[in-house]
Each structure stands twice: as C-alpha cells, then as structure tokens.
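Fair warning: this is a prediction, and the values are worked out from it, not measured in the lab. The chains referred to below are lettered A, B, ... by the order of the sequence lines, with proteins before strands, and numbering in each begins at 1.
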Amino acid sequence: MTVKEDLADLLQDAWDRARGDGELSVPFGEPPALELPRKKGHGDLASTLALVLAPLERKPPRKVAEILLAHLADRGRILDRAEVAGPGFLNFFIQSDYWREALRDLLRQGEAYGAGRIGEGKRVLLEFVSANPTGPLHVGHARGAALGDALANLLAAAGYAVDREYYINDAGKQVETLARSVYARYRELMGDTVPFPEEGYRGEYIQTIAREILEREGPRYREVAEETWYPSFLEQSLTTILGWIRSDLEAFAVRFDRWVSERSLFRDGKVAATLSDLKARGQTYLRDGAIHFASTAFGDDKDRVVVKENGEHTYFASDIAYHREKFARGYDLMVDLWGADHGGYLTRVQAAMQALDCSVDRLRIVILQMVTVLREGKPAAMSKREGEYILLREVLEEVGKDAARFMFLTRRADSHLEFDLEVAKRQSSENPVYYVQYAHARICSLFHQAAERGIALLSVEAISLDRLTEPEEIALLKHLAFFPPLVEESARALEPHRLTGYLLDLAAAFHGCYFQHRVITDDRDLTLARLALAQGVGIVLRKALGILGVSAPERM
RNA sequence: GCGCCUGUAGCUCAACGGGACAGAGCAGCAGCCUUCUAAGCUGCGGGCUAGGGGUUCGAGUCCUCUCAGGCGCGCCA
C-alpha cells in the first residue's frame, strides 16, 4: 500500500459512511484523487473530492468537505489531523510515525521497493529507435534510445511484462541507395571515375564501408554486372551499419529483446497477407496504376499508396503489416516511439489499424521532438544525406553515458531539446546528474565510515526510527514514501522524465539533511536510525537511477 | 496554405490524468570546509506563464483566434 492508497481508502470509507448516513447522496463516481499540495501549510496530501462533489450534491463545497471530515474514521492510525481549507480542499497531515514505518517497510523490501502493480503482468511491446540502417545513430536517435530504454524499465518497474523491439527498415529505396553509394566509393578507391548516386549518402562512413569491402574482397567487383555486386554490397553495408548501431546502443546501455527486419515481413508473406486482408475489406483500390489504401475514411488527409505503379511496395505497406503483426502477437499495449519527423505518419497508421479492426486504443504513439545540438554556442547542422550530424558515439565520448541520458530524460517528450555539448562537457561537475550521483556516493561513503568505526548494524525491525525527529529527516522520509506512487503514475503517463525531477528533489533533501545533521555520532541509536534513513535514500536513488539507465557510483 | 508539436525568470527546463501564493538548475550577488566526500550547504534578486477572447467555484494546463518557432505535407523511409 502506498501513502496515496492508504489515504484514498480512508477517504473512500468516509464517503461511504456519509452516504450511509444520508448526508451525501451521489451514488458513485471516481475514486477520490489525492495530490501533493504545492504549499507547505496545505498538508502532506490534499483532496479535491468535496469540490468535485459539491455541484452534484447541490451543497457548498466547504459543507461537503465538513461532512466528509466528520465521517473520517482513522482511529489515529495514519493522520495527525485533517482540515478543510480554502474553497473546500481537504488537507491531510500525516503522523510522523506513519512516515517512519514507511521507511521500515522500504528497508524490508530492499531493492524491490517501488515495484508497482498497475501493470498487472500485462504484456507491453515497446518499439523504439528503429533508425534506418543507412548510417550510424545520431543524437536524435540517442534521445529516442534513452527515452525508450527508460520507459521500458519504468513500465517493467510498474509491473508490466515488457518487450523491447527494434524495427529494421532494410527494404526499399533507401537501403538500395546505400548499397549504390558504397559501390561508387568502392570504385573511387580504385581510382575509377564513376557517377555518384544522385540522392546518395555522402557521409564519410560510406568510404569506411567501401574500404572494408575492398580490403576484405579486393577488386573482384570492379568490372562485374550490377546483379553480381549489388546483393553483396547491400548485405555487407547493412551488416556493417547494423553492427555499428548495435554496439553504439550497447555502449549507451540500451537493450533490445528483438530485432524485426522489414525484409522478413515480405519474405514471410506478411505484407501480402495484410494487403489482401485490406482488399477483402474493401479498403483498397487501384488508381493511376497504384494500389491505394482509403485512409481518408479514417480521418487522413489523403489516401495513401501501398503498392506503387512499378509494383514495388511502399514503406507504409510493410509498416501496416508490421503493426498488424504486433497486434496479432496479442500484446495488451503497444507503444511506438517516433521522431517528430514522423509525426505526419501517425494518422495513416492509426487509420490502417482501424481498417483492420485492431483496437487503436491498445496502440500508443509517443512523438519525440527534435534535438538541437549546440557546439560552441552555435546550432550544429544535421543532414543525414550530407553526412553532417552529431553522432551518438560522439555524444558518448564527449559527454558520457550518464550525463547524456540524464539530460535527455529531464525533458518531456514533446518539448524541443537543446543539447549544448560545450556546456555538458565544460560544466560536467555542475551537471544535475552528478548532483544525484554524488548523493548516492556520499551515502555509500557513510557506510564505509560506519564499517571502519566498527558500528554494528541492526536488523530492520530493531532500529529505533523514532529517533528521526528533525524536520529535514521527516521531509526525507516523505520523499521516500512518495516513490512507489510516482513509479505508477509516471508509467501510466509514459513519462520517465518525472523521475529525474524526483531524483533532484530527493538528492537536494538528502544533501540538505546531511549538511545539517551529522549521521555518525556517539549516540548509537541515533546513528543507526540515521544510517537506516540514508540506506533508504540510497535504495531509492539506485532504483530510480536504474530505471533511467544511469549508474549509481559508490564513490566519486 | 493545411496538419501535428512548442511558446513559462537573462539562458536551459519543471509544474504529477484543471486545483490553493508558478518552481529548479545555470548565470549574477553575499556567506559556509580543524569534524561522516565543498561534485556539497545557506541566503538574495529575478514572472501580466507570447497576446486577445471563452469554459469553470478554480486555467500555465481545456476551447477559440492572433503572433512566433520546430516538424511534416513523396508512388522516400
């Protein structure tokens, strides 16, 4: 039970009693919501139940609040006091002992603390990154990778069974262009003058791949027909780039359970099956030699081509098949993480799912806004074709995994992100992530100190937590107690960034407390109580940082 | 032109499925290390939440219009 649940039960009970006494009459409604007041004097938790109920009850909000208050039956278990305030808020002040026992509970649970139940073991598929295998991952992908990985961890922490998937767009014109670009560079390396593909990829990495092929296979593809070199160049280019992508993701501590290839969907007949399904449902038609999907029937701006005039499939066709396949796998929830440049694609995918009777509410698409990279105070140009972009690899080398991930994860998905490389490097010691990590390192240091001084730790049950009486200590206890509901709420909202805010608050509360109250003193019981508090903070820091994929160092 | 996203302190961003007096960090100023890590702590200043209308007991949050920025508007992916 979390604090919010405990109090919500109490309030629900009061509500039921008030109805039983005939003082309130509205039969049902939402379960009472509780929120953290922004201002200190407004209690530890507040409810707006009376405000919501008042118009339905045709009573003044304060009157409703009084009635609820009168029916509150806490028997001194949780509450210190409760009061009606402002227009009709119910403010709850919770006993210090409640918070202390919450810490004891935390310590009993250890690393399991904060494990949520809202997932109920439901299966979630999270698809993210899914960058085209036509070049190395850049900083935009890094944001998606950080968010996706953290989101997957978060959902898992909230009790979902999560699968992480990367969709490889290894079919179509882009990878064809990739192969041609590499071949052109291959010929150039041998001194041949060949035309470079018009829309070809001009990044330096193309030469790298060409050079590797030349070293590995020599000039054997110099004077052969396209049918001979093309398949080989395609495969080798894809393999090389996917290798880069995998190792970059690994270095960024981003994990995937499954890699789904677009070509495999064609190979396994999934695309054909999907198209015939759509056709059978009367959702496609032929126009100008191309097969269109009638997406306008589902709110799209125009109908979309799925099979081109030349008989090739569009990316959209295989993507419909991919999503249909995901639905068929029986997930309770599917989450797609897309870059803002794919935002215009949302309507048509939802349209396709509707057309196939896949319930769209099981699919949630998170659009991630762009990243602007600042180098030396100026925006760095990002153009994949020209090969100008800041790579994930570079970010890792310059900024580091922890700082980069934390920075990506302090912003909401739909907010544009400015990533200043100079600031991240130069001021690395002032980076918020170090502030949080430092709190963890300090706590570890405390336990080393305690061990050196031969302080014997007690079992959880034997610690005198009532020795924790300072306002800063109580404040810390409260922070810790709010972690479990935070996990559930962030997961529900698909917003891992709430955890970074929480971590900064928690670290600040800890640093403040640490500065003001010495942990290790001659007072044995007090020392043990404060160590227990520090341990609780350490556990939550580790847990939350772990969800974000940021390390919790023992010393700094 | 149309669609989606954004606009909050000098800068970068928060504000938890509308809630009470909008908060942090950085930058600026002034203090705190003989004692558990100063990558720390304490204090100060800083806002018509882009702007106008509306809904509501209550709006940074919802609706609408205007302005500004980003992304998209391919038989590319």
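- A:Lys4 has a carboxylate O that lies under 4.0 Å from a charged side-chain N of A:Glu489, or vice versa, which qualifies the two as a salt bridge.
- In this structure, A:Ser445 reaches the bases: a heavy-atom distance under 4.0 Å links it to at least one base atom across the strands shown.
- If you check every strand for non-hydrogen atoms under 4.0 Å, A:Asp288 touches a base.
- Residues passing the ring pair (Phe, Tyr, Trp, His ring centres under 6.0 Å) test with A:Tyr322 are A:Tyr167, sequence neighbours excluded.
- Nucleic acid contact class of A:Arg555 (heavy atoms, under 4.0 Å, all strands): base.
- Between the side chain of A:Asn91 and the base of B:A20 there is at least one donor-acceptor pair of N/O atoms closer than 3.5 Å.
- The base of B:C76 sits with one of its N or O atoms less than 3.5 Å from a complementary donor or acceptor on the side chain of A:Gln174.
- Counting non-hydrogen atoms under 4.0 angstrom, A:His440 reaches nothing in the nucleic acid.
- Contact annotation for A:Ala493: no contact, since no heavy-atom pair falls under 4.0 Å across all strands.
- Taking for each of A:Asp414 and A:Gly343 the nucleotide of RNA chain B with the nearest heavy atom, the 5'-most of the two is the partner of A:Asp414.
- Between A:Thr134 and B:A77 there is no side-chain N or O to OP1 or OP2 distance below 4.0 Å.
- The partner of B:G60 cannot be assigned: no Watson-Crick or G-U wobble pair with both contacts below 3.5 Å exists in any strand.
- Within the 4.0 angstrom heavy-atom criterion, base atoms lie near A:Glu554.
- In terms of phosphate contacts, A:Arg412 brings no side-chain nitrogen or oxygen within less than 4.0 Å of OP1 or OP2 of B:C5.
- Of the residues near RNA chain B, A:Arg492 and A:Val307, the one whose nearest nucleotide (by heavy atom distance) lies more toward the 5' end is A:Arg492.
- Residue pairs meeting the side-chain hydrogen bond (donor to acceptor under 3.5 Å, both in side chains) criterion with at least one partner in residues 52-68 of chain A, sequence neighbours excluded, are A:Ser25-A:Glu57.
- Salt-bridge check for A:Lys326 with A:Glu165: failed, with every basic side-chain N at 4.0 Å or more from each acidic carboxylate O.
- Backbone-only engagement by A:Glu262 is indicated by non-hydrogen atom pairs under 4.0 Å involving sugar-phosphate atoms exclusively.
- Identified under the side-chain hydrogen bond (donor to acceptor under 3.5 Å, both in side chains) test for residues 439-452 of chain A, with sequence neighbours left out: A:His440-A:Arg542, A:Arg442-A:His511, A:Gln449-A:Arg453.
- Here A:His497 reaches the OP1 or OP2 of B:A15: one of its side-chain N or O atoms lies under 4.0 Å away.
- Heavy atoms of A:Leu504 sit nowhere under 4.0 angstrom from any nucleic acid atom.
- Within 4.0 Å of A:Glu489, counting heavy atoms only, lies at least one base atom of the nucleic acid.
- A:Arg530 has no side-chain polar atom (N or O) that falls below the 4.0 Å cut-off from OP1 or OP2 of B:C36.
- Residue-level contact check: A:Thr48 touches the bases, meaning some heavy atom is under 4.0 Å from a base atom.
- Taking the side-chain hydrogen bond (donor to acceptor under 3.5 Å, both in side chains) definition, one finds that A:Arg467 meets it with A:Asp523, sequence neighbours left out.
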Enumerate, atom names and distances included, each donor-acceptor pair closer than 3.5 Å involving a side-chain atom of residues 498-505 of chain A, sequence neighbours excluded.
| residue | atom | partner | partner atom | Å |
| --- | --- | --- | --- | --- |
| A:Arg498 | NE | A:Glu495 | OE1 | 2.8 |
| A:Arg498 | NH2 | A:Glu495 | OE1 | 2.9 |
| A:Thr500 | OG1 | A:Leu409 | O | 3.2 |
| A:Thr500 | OG1 | A:His497 | O | 2.7 |
| A:Tyr502 | OH | A:His479 | O | 2.6 |

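- Shown for residues 33-45 of chain A: residues whose heavy atoms fall under 4.0 angstrom of RNA chain B, namely A:Glu35, A:Leu36, A:Arg38, A:Lys39, A:His42.
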